[in-house]
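Inspection log for the structure reproduced underneath, given as structure tokens.
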Protein chains: 2
Amino acid sequence: MATRTDAPTRREQILKEAARLFAERGFHGVGVDEIGAAVGISGPGLYRHFAGKDAMLAELLVGISGQLLTGARRRVAEAGDAAPDALLDSLIEGHIDFALDDRPLITLHDRELDRLPGGDRKLVRQLQRQYVELWVEVVRRLYPALAEPAARATVHAVFGLLNSTPHLGRPGRTATAELLHRMARGAFAAAVG
Amino acid sequence: MATRTDAPTRREQILKEAARLFAERGFHGVGVDEIGAAVGISGPGLYRHFAGKDAMLAELLVGISGQLLTGARRRVAEAGDAAPDALLDSLIEGHIDFALDDRPLITLHDRELDRLPGGDRKLVRQLQRQYVELWVEVVRRLYPALAEPAARATVHAVFGLLNSTPHLGRPGRTATAELLHRMARGAFAAAVG
DNA sequence: CTCCCTTGTTAATGAGCGTTAACACGTATG
DNA sequence: CATACGTGTTAACGCTCATTAACAAGGGAG
């Protein structure tokens, strides 16, 4: 887990608050002055840490996509040749952890992609695609009856399910996590028909 | 069904194009000139049909929420005292039809609510809440073991699943509809545990 | 024919906002 | 001690954009 005990750096503060604000009111809906105010400095002061507003969004989205993909790959590696059943559980668990711990980021992740400058957008899309394909492979290993287009659609639909966390109440983190996990498995099982 | 054969009115054209553009680039991301250009008139020309940009978004969101709620109520009424099982299928079918036929609208529906002026936002929230509660009642009738908070969370998660249509490919409408339907039922069944 | 309502147009206005410029202050470094 | 750098500040610039003003053309109603 590599838990951090040291204080967050200024850059990290800014990214965190920017993520929250972007998720709440949309990228174009928040001004640099607000982001600055959220961390106790003035608007233009942000430019000591980031090249511009676009750069903040880019770093957030690249970070999210990369973190999801990296975590998933680690889980695949750790699973070795274990049952694909357990591997799918592991992937689901990782995604849920992320969706529950960083709700603003999960919101941004599928909402503000198009506000990104060309190069970064392409990179993020690539990372997202690889993440999806990784899931698709695991799902197809577990459910060989599922054709590839159907498997991809199924994975996207389950992402929609898991990413609904921003709309959920807060009645106990573990209870919510378990509910979502069960529902995801149920949805996969029902997809094969 | 009351299928319309007459040409769409100018207002309707504008609403349709505005919905598409808002869904693609966000409310603040599109200018009135673009909306006007999409229907062949100039930006300020829109003001002959709407009080402003906010009014367009408001009419879209109120329309969506109202349409969903009205359709769901009709289905409940038509079901009479039939099995709640069939009623849930009917609700799912209605939601999927909407999500597949009006993808831009379904995107706006849970994305741009906060860009709405106060009064309209309250109205839309109210309609959405009633829609959710209607589902919750049906679900609890079918699965009495499910406590109310869990049922509400489950319904939200299934909405996330069904609303994933914008991310899906277009491999056959009926096949996609059936897949989503099966997954939704599977998710509900798995939620009770 | 004449009015006037509808539906457009282009030009102007005014606010908001991202970004840059110019300047200030503390602190480690030589 | 002097210097340079990191990190702020406020003021100003320039652009975008929603909205309004002023004006025009077409087509029913009387």
Side-chain angles (χ1 to χ4, degrees), chain A residues 6-62 104 108 111-121, chain B residues 6-62 104 108 111-121:
Chain A
D6 48 340
T9 175
R10 183 45 45 112
R11 273 182 69 89
E12 291 169 332
Q13 287 181 46
I14 295 172
L15 284 176
K16 182 179 169 187
E17 296 302 311
R20 183 178 55 81
L21 290 167
F22 289 162
E24 281 175 6
R25 302 210 288 284
F27 178 67
H28 293 292
V30 326
V32 291
D33 289 349
E34 296 179 78
I35 302 173
V39 299
I41 69 177
S42 202
L46 296 171
Y47 286 73
R48 299 296 172 192
H49 306 275
F50 294 93
K53 208 178 139 192
D54 290 351
M56 297 181 211
L57 182 64
E59 187 154 331
L60 282 172
L61 291 186
V62 172
L108 287 186
R111 189 168 295 196
E112 307 282 356
L113 203 159
D114 300 314
R115 284 73 174 166
L116 225 54
D120 292 311
R121 186 169 60 234
Chain B
D6 47 340
T9 174
R10 185 44 41 115
R11 274 181 69 90
E12 290 170 331
Q13 286 181 46
I14 295 172
L15 284 176
K16 181 179 172 187
E17 295 303 309
R20 183 179 55 81
L21 290 167
F22 289 161
E24 280 174 8
R25 302 211 287 285
F27 177 69
H28 288 113
V30 327
V32 291
D33 289 349
E34 297 179 76
I35 304 173
V39 298
I41 69 177
S42 203
L46 297 172
Y47 286 73
R48 299 294 171 192
H49 305 273
F50 294 93
K53 209 177 137 191
D54 290 351
M56 298 181 210
L57 182 63
E59 186 154 333
L60 282 171
L61 291 187
V62 172
L108 288 186
R111 187 167 298 196
E112 308 282 356
L113 202 161
D114 300 314
R115 284 72 174 168
L116 226 54
D120 293 312
R121 185 168 62 233

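Both backbone and side-chain heavy atoms feed into the values below; hydrogens, waters and symmetry mates do not. Bear in mind the structure is a predicted one, so any value in this text is a computation, not a measurement. Lettering follows sequence order; numbering is per chain, from 1.
Rounded to whole angstrom, the span from the NE2 atom of B:H28 across to the P atom of D:dC17 amounts to 12 Å. Protein atom CZ of A:R11 is 14 Å distant from nucleotide atom P of D:dG6, rounded to whole Å. If you measure from atom CD1 of A:I41 to atom P of D:dG8, you get 5 Å, rounded to the nearest angstrom. Counting to the nearest Å, the P atom of D:dT20 and the CG atom of B:L46 are 13 Å from each other.
Residues B:P104 and B:A19 share a closest heavy-atom pair of CB-O, 3.8 Å. Nearest approach of B:I35 to B:A18, heavy atoms of both residues: CG2-CB, 4.1 Å.
Within the 4.0 angstrom heavy-atom criterion, only backbone atoms of the sugar-phosphate kind lie near B:V30; the bases stay farther away. Across all strands, B:G31 comes closer than 4.0 Å only to sugar-phosphate atoms, never to a base (heavy-atom distances).
One finds the NZ atom of A:K16 at 12.0 Å from the CG atom of A:L21 (value rounded to the nearest 0.5 Å).
Two residues are said to be in side-chain contact when any heavy atoms from C-beta on lie closer than 4.5 Å; B:E17 and B:R20 meet this criterion. Residues B:E112 and B:L116 form no side-chain contact, since every pair of their non-hydrogen atoms from C-beta on lies 4.5 Å or further apart.
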Per-pair distances, 0.1 Å, donor-acceptor, side chain in residues 38-62 of chain A, under 3.5 Å, sequence neighbours excluded:
unit_1	atom_1	unit_2	atom_2	d
A:K53	NZ	A:F27	O	3.0
A:K53	NZ	A:V30	O	3.0
A:E59	OE1	A:R11	NH2	2.5
A:E59	OE2	A:R11	NH2	2.6

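Contact check of residues 47-58 of chain A against DNA chain D (heavy atom, cut-off under 4.0 Å) returns A:R48, A:H49.
Taking 4.0 Å as the cutoff to heavy atoms of chain B, we find the contact window on DNA chain C bounded by C:dT7 to C:dA11.
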